[in-house]
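Reminder, nothing fancy here: chain letters follow the sequence lines and each chain counts from 1. Computed from heavy atoms alone, side chains included, the values below leave out hydrogens, waters and symmetry copies.
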Amino acid sequence: MTTSVRTRFAPSPTGDMHIGGVRTAIFSWLTAKHHDGLFFMRIEDTDQDRHVAGSCRRILETFDWLGIQLDGGPDHASLQAMKSEEDYPGALNDGSYRGIPGPFIQSQRLPHYREWAEWLVANGYAYRANETPEELERLRADVISRKEVWSFREEMRLRADVDPSQPHVIRMRVTPRDGTTHLRDLVKGDVAFENANIDDTVLIKADGYPTYHLANVVDDHLQGVTHVIRGDDWLSSAPKHVLLYKYFGWEMPKFAHVPNVLGEDGRKLSKRHGATSVFEFRDQGYLPEAVINFLAMLGWAPGEGDEQNVFTISELIEKFSEDHIGSSPAVFSYTKLDWLNGVHIRRMPVAELARLLTPFVQAAGIALDSPELKAQFMAAVPLIQERIKTLKDAAGLIDFMFTDIPPVPAASLVDKKMDQATSLNALRETREVLAQLADFDPTQMEHAMRALAERLNVKAGPLFTIVRNAVTGKSVTPPLFGTISVMGREITLQRLDRAIDALSR
RNA sequence: GCCCUCAUCGUCUAGUGGACUAGGACGCGGCCCUUUCAAGGCCAAAACACGGGUUCGAAUCCCGUUGAGGGCACCA
């Protein structure tokens, strides 16, 4: 039997997902899928103080939006069902998925941590301690005031005997005290830590909950995780985990500590750089495939001479390789995301784009509540497809087709290369040409209008410019004749009449 | 302070001792196309942090310096 690759994303339920966390999740997911393995989620809620209600649901919703299917955790149907609920009680709690043993929420796995912590105590790899936080704080302050390195060791215990029936913590016993602990990391390479610098970390807290260090090792082993992919802020505590695997005698998973995402000023990406929550990107009109493409390339490149930048999801899955993840932190570039989003928009089938655009356009105040309006909108989409970078951009390009426009100033109805009389006449003639056009088709319209320009002895450009201003009220629009065609004869002639009227005063 | 990590165009990166006159992409500038705006095509400017080694040869290996990031909790 071949061991299949299994990765996990293990967020804490402390709020909406940060875009940096999404990137880590994507790396994990791509690693699993590239090797045809499983990707699942586990909620790490061992700190009850930091729990934010509704987080689990929001995290699940993130994956739903991204289009990432979890092989463990709730399925899509469950997600839909819970949308009305404040949280998702029990959803991550059900049995096992595709051979991965649950539950998928750590607060439901307490017996496992207890069992293995006791095993460590019984085998000399851990011990009980009961110093209070205040006592520890005093100890720490004392050590630091002597300019020594703070690191808890069992001889520092204030009470040598701990009554197991009383509240206490379980700490790991770092052994051996000297020597080094090595970590072979897929991203960082070989990293060595002096055991003397690793402290006897708390494994089980006084409240009975495990700390991350114990919980992630126990869970990853029990759930068969083969690649631990996480932020490199975990690198410093990785030797503790290595030690635990050794104590338990468990096979070590592969580790990949991926660098942080930075803001444009080189500091850790945060609110003040712009959007950071994945939902902000969604609400600003970014496509999940563009976000995934962009995030995947932030710190990863196919390498080996392959210079591809734009990827579909399946291309990413095919080409991704966890050992090509870069080891230096990357700056999040909003402008590059914009470009990529535009690329993915242009590659999308028109009907699909129209579907995605609809809620954004409606939110901008354009009602699409009749079949006629919907059809008109459908016809307008091809005109804007290559002109928008986000779904939010669309409304501003087509609003004049659906809503009334303010009076057009006379000045914009006279082209610099034409005088007032010529312009007025040109608009009148345009009105006649359009009124008599048999078919309101862009190609025919353009022919007729070019013929008109010739007849009037004016250049086509200036003529089109004043017509554009007259019928759209804007100097920048999608191609004129396509636009006029979408607007229809009635509105177009109406606006021309208004312009003629304004100019003849 | 101690420990760990990182360092190629403004940004994302390719590069694993000779194929490097350091390649691609975004952005920026220019040109072409063109009814405006886009899109597209072409062209250009733009980088191996610094200092020492090792080597016939270094962006690539080693050491140091500097800078940046992370960690040093009964948080993850």
Side-chain angles (χ1 to χ4, degrees), chain A residues 10-12 14 44-47 49-50 129-133 136-137 140 144 147-152 167-171 183 185 187-189 191-194 196-199 201-207 209-213 215-216 230-239 257 259-260 262 264 266-268 294 297-310 324 326-340 342-343 346 383-389 397 446 449-450 453 459-465 467-469 472 474-481:
Chain A
S12 293
T14 53
E44 310 222 320
D45 63 339
T46 54
D47 184 1
D49 293 343
R50 300 205 313 158
N130 62 358
E131 286 64 41
T132 65
L136 286 170
E137 195 41 58
R140 190 179 356 244
I144 289 171
K147 294 200 191 292
E148 285 170 27
V149 178
W150 165 254
S151 189
F152 194 91
H168 64 278
V169 301
I170 294 178
R171 286 181 180 272
L183 167 72
D185 190 87
V187 173
K188 306 285 184 183
V191 188
F193 298 84
E194 299 286 332
N197 292 324
I198 307 171
D199 80 329
T201 321
V202 170
L203 262 18
I204 297 278
K205 299 183 262 185
D207 63 5
Y209 280 72
T211 58
Y212 173 87
H213 307 297
N216 99 85
R230 64 203 342 181
D232 73 357
D233 40 344
W234 285 114
L235 191 60
S236 299
S237 43
H257 287 92
N260 276 128
L262 272 26
E264 249 129 28
R267 310 203 64 93
K268 205 170 169 183
F294 174 76
M297 285 197 307
L298 205 62
W300 172 84
E304 285 153 18
D306 188 337
E307 287 172 337
Q308 185 172 353
N309 285 284
V310 181
H324 274 104
S327 50
S328 48
V331 174
F332 190 101
S333 164
Y334 292 88
T335 54
K336 194 160 189 175
L337 207 212
D338 280 348
W339 166 74
L340 249 189
V343 171
R346 271 172 252 134
L383 299 178
I384 59 171
Q385 182 161 25
E386 65 186 32
R387 276 164 253 269
I388 56 175
K389 284 185 166 21
L397 288 178
E446 180 167 355
M449 288 297 291
R450 285 192 187 278
K459 290 234 183 245
L463 173 63
F464 296 172
T465 298
V467 172
R468 169 180 292 107
N469 283 328
T472 69
K474 295 185 179 191
S475 57
V476 175
T477 69
L480 222 213
F481 306 113

**OP:** Describe the nucleic acid contact of A:P167 in one word from base, sugar-phosphate, nothing, applying a heavy-atom distance below 4.0 Å.
**Re:** nothing
Original post:
Can you name the residues that form a side chain to side chain contact (heavy atoms under 4.5 Å, CB included) with A:V310, not counting sequence neighbours?
Top reply: A:N293, A:W339, A:L340, A:V343, A:H344, A:R347
Original post:
So what's B:A25 paired with, Watson-Crick or G-U wobble, going by both distances under 3.5 Å?
Top reply: B:U11
Please produce a list of atom pairs where a protein N or O lies less than 3.5 Å from an N or O of nucleotides 6-9 of chain B.
none

**OP:** Please report, rounded to the nearest Å, how far the C1' atom of B:G1 is from the CD1 atom of A:I144.
**Re:** 9 Å
**OP:** Mind checking A:P259 for me? I need base, sugar-phosphate or nothing, with any heavy atom below 4.0 Å counting as a touch.
**Re:** nothing
**OP:** Would you mind telling me which of B:C4, B:A25, B:U35 lies closest to the side-chain atoms of A:L480?
**Re:** B:U35
**OP:** Tell me what A:A238 touches on the nucleic acid: a base, only sugar-phosphate, or nothing, going by heavy atoms under 4.0 Å.
**Re:** nothing
Original post:
Without hydrogens or angle criteria, can the side chains of A:S12 and A:T14 be said to hold a donor-acceptor pair below 3.5 Å?
Top reply: no
**OP:** Please identify each residue that fulfils side chain to side chain contact (heavy atoms under 4.5 Å, CB included) with A:L480, with sequence neighbours left out.
**Re:** A:F464, A:V467, A:R468, A:V471, A:I484
Expected rows: protein N/O vs nucleotides 39-42 of chain B N/O, under 3.5 Å:
residue	atom	partner	partner atom	Å
B:A39	O3'	A:R346	NH1	3.3
B:G40	OP1	A:R346	NH1	3.4

**OP:** Whole angstrom is fine here: how far is it from CH2 in A:W234 over to P in B:U5?
**Re:** 18 Å
Original post:
To the nearest Å, how far apart are A:K205 NZ and B:A73 P?
Top reply: 14 Å
Original post:
Touch check for A:L235, heavy atoms < 4.0 angstrom, all strands: base, sugar-phosphate only, or nothing?
Top reply: sugar-phosphate
Original post:
Which whole number of Å gives the distance between the C1' atom of B:G29 and that of B:A46?
Top reply: 11 Å
Original post:
Is it true that atom NZ of A:K459 has more than 12 heavy atoms of other residues, nucleotides or ligands lying nearer than 6.0 Å?
Top reply: no
Subject >> Side-chain heavy-atom pair A:L337, A:F332 within 4.5 angstrom cut-off >> reply: yes
Subject >> Identified pairing partner of B:C42, criterion: Watson-Crick or G-U wobble below 3.5 Å >> reply: B:G30
Original post:
With side chains defined as the heavy atoms from C-beta onward, is the minimum distance between A:V169 and A:I204 less than 4.5 Å?
Top reply: no
Subject >> From B:C4, B:A76, B:C3, nucleotide with atom closest to A:N197 side chain >> reply: B:C3
Subject >> Atom P, compared across B:G18 and B:C31: separation rounded to whole Å >> reply: 41 Å
**OP:** Classify the side chain of A:S236 and the base of B:G70 as holding, or not holding, a donor-acceptor pair under 3.5 Å.
**Re:** yes
Original post:
Quantified in whole Å, what is the C1' atom distance between nucleotide B:A14 and nucleotide B:A19?
Top reply: 15 Å
Original post:
What nucleic acid atoms does A:K268 come within less than 4.0 Å of, heavy atoms only: base, sugar-phosphate, or nothing?
Top reply: sugar-phosphate
Original post:
Closer to the 5' end of RNA chain B via nearest nucleotide, is it A:T132 or A:A460?
Top reply: A:A460
Subject >> Interatomic distance at C1', B:U66 relative to B:A49, whole Å >> reply: 8 Å
Original post:
Can you name the residues that form a salt bridge (charged side-chain N to carboxylate O under 4.0 Å, His left out) with A:D233, not counting sequence neighbours?
Top reply: none
Original post:
How far does the C1' atom of B:U21 sit from the matching atom of B:C6, given to the nearest Å?
Top reply: 29 Å
Original post:
Just by distance, do the side chain of A:N260 and the backbone of A:K268 share a donor-acceptor pair under 3.5 Å?
Top reply: no
**OP:** Quick one: label A:L136 by what it contacts on the DNA or RNA (base, sugar-phosphate, nothing), any heavy atom closer than 4.0 Å.
**Re:** base
Subject >> Separation of atom CD1 in A:I198 from atom P in B:G71, rounded to whole Å >> reply: 17 Å
Original post:
Can you find a heavy atom in the side chain of A:T46 that is under 4.5 Å from one in the side chain of A:Y212?
Top reply: no
Subject >> C1' spacing across the pair B:U35 / B:C28, given as an integer number of angstrom >> reply: 27 Å
Original post:
Taking only residues two or more places apart in sequence or in another chain, which ones pass side chain to side chain contact (heavy atoms under 4.5 Å, CB included) with A:V331?
Top reply: A:L262, A:E264
Original post:
Base, sugar-phosphate, or nothing for A:V169, non-hydrogen atoms under 4.0 angstrom?
Top reply: base
Subject >> Nucleotide nearest A:R468 when distance is taken to its side chain, options B:A76, B:U13, B:U35 >> reply: B:U35
Subject >> Side chain of A:P133 - closest among B:U11, B:U13, B:C74 >> reply: B:C74
Original post:
With sugar-phosphate meaning primed atoms plus P, OP1 and OP2, does A:G326 contact a base, only sugar-phosphate, or nothing at under 4.0 Å between heavy atoms?
Top reply: nothing
Original post:
Taking the same atom, C1', in B:A47 and in B:C42, what whole-Å distance lies between them?
Top reply: 24 Å
Original post:
Paired with B:C6: which nucleotide, if any, by Watson-Crick or G-U wobble criteria at under 3.5 Å for both distances?
Top reply: B:G67
Original post:
Does the side chain of A:R450 get closer than 4.0 angstrom to OP1 or OP2 of B:U35 through an N or O atom?
Top reply: yes
Original post:
Once you round it to whole Å, what is the distance between C1' of B:C74 and CZ of A:R50?
Top reply: 14 Å
**OP:** Nearest whole angstrom, please: distance from the P of B:C12 to the CG of A:N260.
**Re:** 14 Å
**OP:** Could you tell me which residues satisfy salt bridge (charged side-chain N to carboxylate O under 4.0 Å, His left out) with A:D338, sequence neighbours excluded, listed by chain and number?
**Re:** none
**OP:** Using the test side chain to side chain contact (heavy atoms under 4.5 Å, CB included), find all partners of A:N197 that sit at least two apart in sequence or belong to another chain.
**Re:** A:E194
Original post:
Given atom CG of A:D306 and atom P of B:G23, what is their separation to the nearest angstrom?
Top reply: 18 Å
Subject >> Gap in Å between the two C1' atoms, one belonging to B:G15 and one to B:U8, rounded >> reply: 9 Å
**OP:** Find the distance A:I204:CD1 to B:A73:P and express it as a whole number of Å.
**Re:** 19 Å
**OP:** Would you mind classifying the nucleic acid contact of A:S475 as base, sugar-phosphate or nothing, using non-hydrogen atoms under 4.0 angstrom?
**Re:** base
**OP:** For A:F193, answer base if it contacts any base atom (sugar-phosphate contacts may also be present), sugar-phosphate if it contacts only those atoms, and nothing otherwise; contact means non-hydrogen atoms under 4.0 Å.
**Re:** sugar-phosphate
Subject >> Nucleotide of B:C37, B:U11, B:A25 approaching A:V331 most closely (side-chain heavy atoms) >> reply: B:U11
Subject >> Complementary nucleotide for B:C72 - Watson-Crick or wobble, under 3.5 Å >> reply: B:G1
**OP:** Go through the structure and list residues passing salt bridge (charged side-chain N to carboxylate O under 4.0 Å, His left out) with A:R140, not counting sequence neighbours.
**Re:** A:E137
Original post:
Just checking A:E304: base, sugar-phosphate only, or nothing, at a heavy-atom cut-off of under 4.0 Å?
Top reply: sugar-phosphate
**OP:** Select from A:R140 and A:P302 the residue whose nearest nucleotide in RNA chain B is closer to the 5' end of that strand.
**Re:** A:P302
